[in-house]
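Notes follow once the structure below has been shown.
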Number of protein chains: 2
Amino acid sequence: MGITQRKEREKEGMRQLILQAALGLFRDRGYDAVSIRNIAEAIEYSPATIYLYYKDKSEIFFALQYEAAALKRDHLLPVAAIENPWERLVEFGRRYVDFGFKHPDLYDLLFITRAPMEYVENQECWALGMATHSFFSETVQACVDQRYFKSTDTETIAYTLWCHAHGLVSLFVRERMRMYPEEKRQDLAQKSFSMIIKMAEHL
Amino acid sequence: MGITQRKEREKEGMRQLILQAALGLFRDRGYDAVSIRNIAEAIEYSPATIYLYYKDKSEIFFALQYEAAALKRDHLLPVAAIENPWERLVEFGRRYVDFGFKHPDLYDLLFITRAPMEYVENQECWALGMATHSFFSETVQACVDQRYFKSTDTETIAYTLWCHAHGLVSLFVRERMRMYPEEKRQDLAQKSFSMIIKMAEHL
DNA sequence: CAAATTTACTGAACACTGTTCATTTTTAAA
DNA sequence: TTTAAAAATGAACAGTGTTCAGTAAATTTG
């Protein structure tokens, strides 16, 4: 009786179809500027059909946010294999920024877009983000333990580095670097990342 | 013939009335969640009346953005009086962050909200922002000139410090600090600011 | 002061939005 | 082939930004 399995596959396929169409439209026009009718038109279904797979527009948003969180985790995963905590920290930062520049739409979804807060029950996504954050904190802690910093305030160190990385990416993502010529922006971000690493060495 | 003057005053008063109502609503509910009808209701006028003073919703947004830029300039203005460039730089940063925490809605308007890009003709606002940014850059340059840093890469230094400050404020403004207990957030930001200053001293 | 003119304002409409639901079409089971 | 279940939809509701013909108020003119 493989029919139910095929149905299940088709249902999942439809959910993915909706999600990918939504992601493309959200990226191009922003969450609010995209209507359910737009998404429906893109996948050549009636608007009402979408409500058979997602109970409302914000649920589509949350599904995308979860996918983004999973993709980000996968992007950062290889870092865990690095033994030396300092190298692990540097590579974590590099990959964090890299993820932001490669997937600005997903980064935006995760760290900038004002989420329809009502459903903080996006718990799976939240758990994913917390796990990543914990891994980051533990790496900083390992650096502290092994005397890579003079300071022992793990929390503040971790937060400070995160602030810089997030500022770096989000100024780019939300186009607040217009005072720099376009071809220079990535280069400047690169240099700034190197600089904060150098600064952190004397921390 | 003071009548035209009084009319002018009344017109300006009406514009301010609309702006302040809009700002309050935008702050509470966000730009997209606020309708022209909401604003009209708040000031007890018909929706159509608003279009006599602002040609569309985005023009209200831009007017607010300009006011925010002017307020931010005023908030940073006292810094210019500080002679010593390093002290000036530190105080600039402190006040920048302070502005963000005191006026998260305005900060959001200036540095996070995806502006309806069509009117980059918000030139007065852009000019204001650029002037502030230039002042910041020049302060960093003055520090470089007086050998406050080992590095001489003024542009990267300025950008790096800006990244941290912006990250600091925007993580707070867009509520990405939920992993820290609420009463700790401001304190952590304070500590992080001190830390980046310390780091900059060894730059 | 009354009439004419300019200014300020509004109600109704248009095309759009998210969402619901009765109805129809398609698919699977008997 | 009929019957039951699943999937898809058209039409509707209350909301949106925006426009415009028309009304009400204020000012200028005779």
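Chain A is the first sequence line, chain B the second, and so forth, proteins listed ahead of strands; every chain is numbered from 1.
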B/R185: side-chain hydrogen bond (donor to acceptor under 3.5 Å, both in side chains) partners, not counting sequence neighbours: none
Residues A/E91 and A/R95 bridged, charged N to O under 4.0 Å: yes
Face-on cation placement of A/K198 at A/F193 ring, 6.0 Å and 45° thresholds: no
Pairwise distance CG(B/L89) to CZ(B/R94) - rounded to 0.5 angstrom: 11.0 Å
Show the distances under 3.5 angstrom between N or O atoms of the protein and N or O atoms of nucleotides 21-25 of chain D.
none

Rounded distance in Å - CD (A/E12) to P (D/dA7): 14 Å
Separation of D/dA5 P from A/E10 CD (nearest whole Å): 20 Å
Residue A/E201 excluded, over 12 heavy atoms near CD under 6.0 Å: yes
Lys/Arg N to Asp/Glu carboxylate O, B/E155 vs A/K184, below 4.0 Å: yes
Test: A/K57 cationic atom under 6.0 Å from A/Y31 six-membered ring centre, within 45° of axis: yes
Sequence-aligned protein contact record of nucleotides 7-19 of chain C, with B where the base is within under 4.0 Å of a protein heavy atom and S where only the sugar-phosphate is: S-BBB-B---BBB
A/F111 CZ to A/H166 NE2 distance, which is reported to the nearest 0.5 Å: 8.0 Å
